[in-house]
Amino acid sequence: VTYGAIMGNTRMQLSDFASWLPFPCHLVHDSKAAADLELWNHPKLDSALVFLLNRNLGGAVITNHSVHQGFSMHSGSLEHICVEPDGPVCYCGNRGCLETFCSAIRNLNLLIDCPVILSGYLAPYFLPEDLDRLLGLINEHTPFPLAKDSLLTGTHGQYTPAIGAALFYVKNFLDT
C-alpha cells in the first residue's frame, strides 16, 4: 500500500514537511488522529472501532486505552479490507477494497467486541433515527448484537483528524 496517494504525497517523509515549518511537527494518519480525539472524548473506553467518515473511509482500533498502531503503523486500516476481489479499483491500486463499498461494521465488530464510534465529517449529521436504522442493519443476521449505547458518534466533524493530531502536542504539554 502506498501511503499518501490521496493527497499526492507518496513517499514523503517528516523531513520534507518539517523543513518548511518553524515549529516541531510529526506525521500521523488521519484515522489514528481521529481515534486519539475520540479516546480523549471517551476516556473510559478500553477498546473501540473508529470509522472515520470523511471524503474517504478510514479506520482505527483502540485497545487497552490507546490507539493500536501495529508493527507497520497500518493497524485498523479497514478501508483496504478486500470485500469483492473483482470490485472497483481503489486508490491503493487493488480492487474491491471496503473504501469502494459501504461499510461492514457487523463483521468488524465480530473481530473485536467493542463499541463502534462513527467519527469525522458525517458524524454530526446522524439523526437518532439514522443511528437506529444503522444499528438495525448492523444487528441483522448476527448472533451477537451491538447494544444501542455501543454505537457512538463523534462531535467534531471534519476537524476531527486535525484536532486529534494537535492532541499530540497538548498531551506533551500536559505531561511536562
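As the structure is a computational prediction, the values presented were derived from the model and not from experiment. FYI, the numbering just counts along the sequence from 1.
Scanning all heavy atoms of the two residues, the minimum distance from L37 to G164 falls at CB-CA, 3.9 Å. Residues F51 and L57 come closest through the heavy atom pair CD2-CD1, 4.3 Å. In terms of heavy atoms, S119 sits closest to V50 at CB-CG1, 4.1 Å. Of all the heavy atoms in P145 and N139, the pair that sits closest is CA-OD1, 3.1 Å. When all heavy atoms are compared, the tightest approach of I112 to V61 is CD1-CG1, 3.7 Å. Listed here is the closest heavy atom pair of C92 and C97: SG-SG, 3.8 Å.
Taking 4.5 Å as the limit, every side-chain heavy atom of E38 sits out of range of all side-chain heavy atoms of L45. Counting heavy atoms from C-beta on, the side chains of L137 and E140 come closer than 4.5 Å. Inter-residue side-chain proximity for T63 and S75 is flagged as unmet; no heavy-atom pair is nearer than 4.5 Å. Looking only at side-chain heavy atoms (C-beta outward), L131 and L118 come within less than 4.5 Å of each other. Residues N94 and H80 form no side-chain contact, since every pair of their non-hydrogen atoms from C-beta on lies 4.5 Å or further apart.
No continuous path of hydrophobic side-chain contacts links L134 to L127 [ILVMFWY only; heavy atoms under 4.5 Å]. No single ILVMFWY cluster, assembled from side-chain heavy atoms under 4.5 Å apart, contains both F173 and F168.
Evaluation of the side-chain hydrogen bond (donor to acceptor under 3.5 Å, both in side chains) rule for N41 yields H156 as partners, not counting sequence neighbours.
More than 12 heavy atoms of other residues, nucleotides or ligands sit less than 6.0 Å from atom CZ of F126. The environment of Y159 atom OH is sparse: at most 12 non-hydrogen atoms of other residues, nucleotides or ligands sit within 6.0 angstrom.
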Please evaluate residues T153 and I117 with respect to the criterion side chain to side chain contact (heavy atoms under 4.5 Å, CB included), reporting the C-alpha separation (whole Å), side-chain torsions for both, the decisive distance (0.1 Å), and the verdict.
CA-CA 5 Å; T153 55; I117 303 173; over 6 Å; no

I'd like to know whether F17 forms a ring-ring contact (aromatic ring centres under 6.0 Å, His included) with H26, so could you lay out the CA-CA distance, the side-chain angles of the two residues, the decisive distance to 0.1 Å, and finally the verdict.
CA-CA 9 Å; F17 294 99; H26 76 286; over 10 Å; no

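In terms of modelled atom types and a separation under 3.5 Å, the side chain of R95 and the main chain of G87 share a donor-acceptor contact.
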